[in-house]
Structure formats: structure tokens, C-alpha cells
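Scroll down for the structure; my scribbles are underneath it.
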Amino acid sequence: MPELPEVETVARDLRESLPGRTITGVTVRWPRTIACPPPDEFRQAIAGRRVTSVGRRGKYVVLGLDRGYLLIHLKMSGRLYVTPAGQAADRHEHTIFDLDDGQQLRFQDVRKFGRVYLVDDVEQVTGNLGPEPLADDFTLVTFRRRLERRSGRLKSLLLNQFFLAGLGNIYADEALFQAGLHPLRPAGSLTPAEQERLYNAIRGVLRQAVANRGTTLGDGGYVDARGEAGQHQEQIMVYGRTGKSCLRCGTPIERLVVGGRSSHFCPRCQKDPAGV
DNA sequence: AAAGCACCCTGTACGC
DNA sequence: TGCGTACAGGGTGCTT
């Protein structure tokens, strides 16, 4: 499941081959993948545009074009890669961009949740996203201010992209474990020391995961734009480890559903908030 | 503001 | 072995 570190890795990979390439055409095999503009218009509009940059905002891959932007959200199972046009197409490659060098940028997405946006301005899609957790201007003070205004549970808040952009289920659970905080803890109830622990945990986990080129769990899991698995699964402490021993204290990891999403945590390292 | 839930999808895991 | 069913998950939108 691509989250910030995985999307960042894909963007870095694509940056090696896409800038300077012109998109000569596109094949859309699952029109719902195209979020905007409408698929027919999209086909017309994308042809002839040149890629000038490759970046990331939250979990979106952002391709800067000579005019406008192409944003791609991988959601659960999306994969992006560049391959020679002659390469046989997989049945889950729903959108295929032809490039002017005989290659293709292919968007494969088994579960079809992923979306592609062609817009004039990045903000049209990402305008309401929260801060970038690894940006220099995302300071402890900024984080505190945002946290203190909230009364919901920590886990739900960390998954809220309008609160903070880029965390998904894996890194939210890992960050809470690193910070020693229970997923149900009310966000506004943290002490200054706990706020700082959480801030450092979020940034630390994400930085390490980027350095490890992301987390790949199981078959069909995330792969980068080269088709290779990440390495961060070796460092995972709680996510998906229900019933297994906590790697810090040995207590069995527990699972809880919060906001419809599973949460994995160590009941000893992450103490229950009072009254829950 | 926040919580709960259905929905979008399909591969996979699991029970019988 | 094979079938049916539950489940996973990011994000949106609706209801309470």
C-alpha cells in the first residue's frame, strides 16, 4: 500500500527517465481511472505535453508538464513504471501513456482504486492536504498547534490527509508504537513530551522508510518503478503482527478497529488511555 | 467536529 | 479439490 515513502520512491525512480519526454498519446482501458477531465477530453488534452518535472505531494505522484500537471494517486494497488512499448501489456494496466522515445509510462492497478488527474494547477487536487511531514517548515510548533485543536483519536487523525499528508495505515501504526502512544488516545490530550515523541516518531519512521525504499508486504505488495520490492518491512514493529511478540517487550501485539481501519499496537508499550 | 458506515474493486485467505 | 464468503485497504460521501 503506497504511502509517503513508497510514493516518494516511485517519484524518484521516474525522475530518472521522464523529464524531457513528450507524451504522444494515451490508451485508457478503464475510464474510471481518469478522475478529470472526462476521459475523452483527457485523451485529447494530454497528447503533446512534455514532462518537465517529477515530484510528490502527500501520496500523489506529481508530473509537472510544460502546461499543467498530471497527478496520479496509487491508492491501494497502483504501480507506475516505464517500459518499452513492445512489452506485452498486463491486464491490469488501465492507463498507458505513449512517450516520444518509444517507451510507455504504464499505470497498473489491480484494485482499480487509483486515479489520474490532469489539471492546470496542483492545488486543484492537493489544495486541502495537510503539511508535508518531512518538510523543513513542518516544525514541532506547527504540529503542536494542529494537534491541540483536535479531540479525535490519534490513529484516525494520523490517517486524515487534511491533518497531515502522507501517512497511511502502516506508518501511522509504526509511528504510534515508536512514540509509545495508544491509537485511541485523544489527540488533544497529549503532554508536551508526548507531542514531541510523536512528532519525532512520525518523521523518523518516514525518513527511515524512504531510505529503505518503502515497505513491501506479501505477494502483490508495493513495488517501486523498477518493479523491485522495498526493504522497510524488515523494520516493521507492529503493523500486521497481531498475536506475535512485541519486538521490544515480548507482549503479544493486539489489533483494534479504529475508524474502520485495523490498528496494531503493543498494549504494554502503548498504554491504554484512561477510560477506554 | 467526529464517528460510523457503505462504497469502490479484486486477489487471497479461509471455512466447509 | 472446489466452492462460496469474508476481508483488506485509501479516500469520499453520507448520516448520525
Side-chain angles (χ1 to χ4, degrees), chain A residues 1-8 10 28-36 39 56-62 71-80 90-95 107-117 124-130 133 145-176 182-190 206 209 214-223 229-230 233 236 238-243 253-265 273 275-276:
Chain A
M1 300 136 262
E3 304 178 27
L4 184 153
E6 291 76 24
V7 178
E8 178 66 28
V10 168
V28 178
R29 304 156 114 197
W30 183 261
R32 286 183 144 189
T33 300
I34 310 302
C36 68
R56 176 192 61 76
R57 173 74 171 105
K59 300 178 194 172
Y60 292 86
V61 174
V62 180
L71 280 78
I72 299 157
H73 197 303
L74 305 174
K75 292 283 180 88
M76 302 295 304
S77 56
R79 296 177 174 183
L80 274 177
D90 170 282
R91 68 194 194 91
H92 298 300
E93 287 170 354
H94 306 309
T95 310
F107 181 34
Q108 181 205 60
D109 187 11
V110 171
R111 296 202 180 148
K112 298 179 174 172
F113 285 178
R115 291 292 179 265
V116 176
Y117 308 74
Q124 288 172 247
V125 180
T126 66
N128 292 325
L129 287 184
R145 255 190 237 122
R146 297 179 72 82
L147 259 187
E148 282 164 0
R149 280 190 265 128
R150 300 303 193 115
S151 58
R153 305 142 158 179
L154 275 184
K155 176 61 186 288
S156 302
L157 196 56
L158 294 186
L159 291 181
N160 183 347
Q161 302 300 298
F162 303 131
F163 175 72
L164 191 60
L167 284 178
N169 218 20
I170 297 175
Y171 300 113
D173 280 2
E174 293 300 308
L176 287 172
H182 194 282
L184 294 181
R185 190 68 189 278
S189 76
L190 301 200
L206 291 176
T215 300
T216 301
L217 296 172
D219 294 340
Y222 155 82
V223 294
Q233 57 278 10
I236 293 297
V238 289
Y239 186 83
R241 298 193 65 249
T242 312
I253 299 300
E254 290 182 13
R255 178 179 177 274
L256 195 64
V257 176
V258 184
R261 296 280 107 95
S262 62
S263 280
H264 313 78
F265 66 102
V276 176

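Here is how names work: the chains are called A, B, and so on, in the same order as the sequence lines, proteins then strands, and each is numbered from 1.
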Just how far, in rounded Å, is [atom2] of [N] from [atom1] of [X]?
X: A:His94; N: B:dT10; atom1: NE2; atom2: P; value: 7 Å
X: A:Glu148; N: B:dA1; atom1: CD; atom2: P; value: 17 Å
X: A:Met76; N: B:dG11; atom1: CE; atom2: P; value: 14 Å
X: A:Gln108; N: B:dG11; atom1: CD; atom2: P; value: 11 Å
X: A:Lys155; N: B:dA3; atom1: NZ; atom2: P; value: 13 Å
X: A:Leu147; N: B:dA2; atom1: CG; atom2: P; value: 11 Å
X: A:Glu3; N: C:dG11; atom1: CD; atom2: C1'; value: 13 Å
X: A:Lys75; N: B:dT10; atom1: NZ; atom2: C1'; value: 15 Å

Examine [N]: is either OP1 or OP2 under 4.0 Å from a nitrogen or oxygen in the side chain of [X]? Give yes or no.
X: A:Arg255; N: C:dA8; result: yes
X: A:Tyr239; N: C:dG9; result: yes
X: A:Ser151; N: B:dA1; result: no
X: A:Gln161; N: C:dG11; result: yes
X: A:Ser77; N: B:dG11; result: no
X: A:Lys59; N: C:dG11; result: yes
X: A:His92; N: B:dG11; result: yes

(message) Please check: side-chain N/O of A:Gln161 versus main-chain N/O of A:Leu159, any donor-acceptor pairing under 3.5 Å?
(response) yes

Of all the choices, [options], which nucleotide is nearest to the side chain of [X] once you look at every atom?
X: A:His73; options: C:dG10, B:dA3, C:dA8; result: C:dG10
X: A:Phe162; options: B:dG11, C:dT12, C:dG10; result: C:dT12
X: A:Arg111; options: B:dA3, B:dC9, C:dT12; result: B:dC9
X: A:Asn169; options: B:dG11, C:dG9, C:dG11; result: C:dG9

(request) Would you mind telling me which of A:His94, A:Arg91, A:Glu93 makes a side-chain contact (heavy atoms from CB on, under 4.5 Å) with A:Gln108? (result) A:Glu93

(message) How close do A:Ser156 and A:Val258 get, counting heavy atoms only, and between which atoms?
(response) OG-CG1, 3.5 Å

(request) Over all heavy atoms of both residues, which pair between A:Pro39 and A:Pro31 is shortest? Give the atoms and the distance, please. (result) CG-O, 3.7 Å

Write out a two-atom table: protein N or O, nucleotide N or O from nucleotides 5-8 of chain B, distance below 3.5 Å.
| from | atom 1 | to | atom 2 | distance (Å) |
| --- | --- | --- | --- | --- |
| B:dC8 | O3' | A:Arg32 | NH1 | 3.0 |

(message) Pick the closest DNA chain B nucleotide for A:Asp109 and for A:Arg153 by heavy atoms, then say which residue is nearer the 5' end.
(response) A:Arg153

(message) Using side-chain heavy atoms (C-beta onward) and a distance below 4.5 Å, is A:Val28 in contact with A:Thr33?
(response) no

(request) For the residue pair A:His73 and A:Tyr60, categorise the inter-ring angle as parallel (less than 30°), tilted (30 to 60°) or perpendicular (more than 60°). (result) perpendicular

(message) Distance check, rounded to the nearest 0.5 Å: A:Leu176 atom CG versus A:Tyr171 atom OH?
(response) 15.0 Å

(request) Taking atom types as modelled, find out whether A:Asp173 and A:His264 have a side-chain donor-acceptor pair closer than 3.5 angstrom. (result) yes

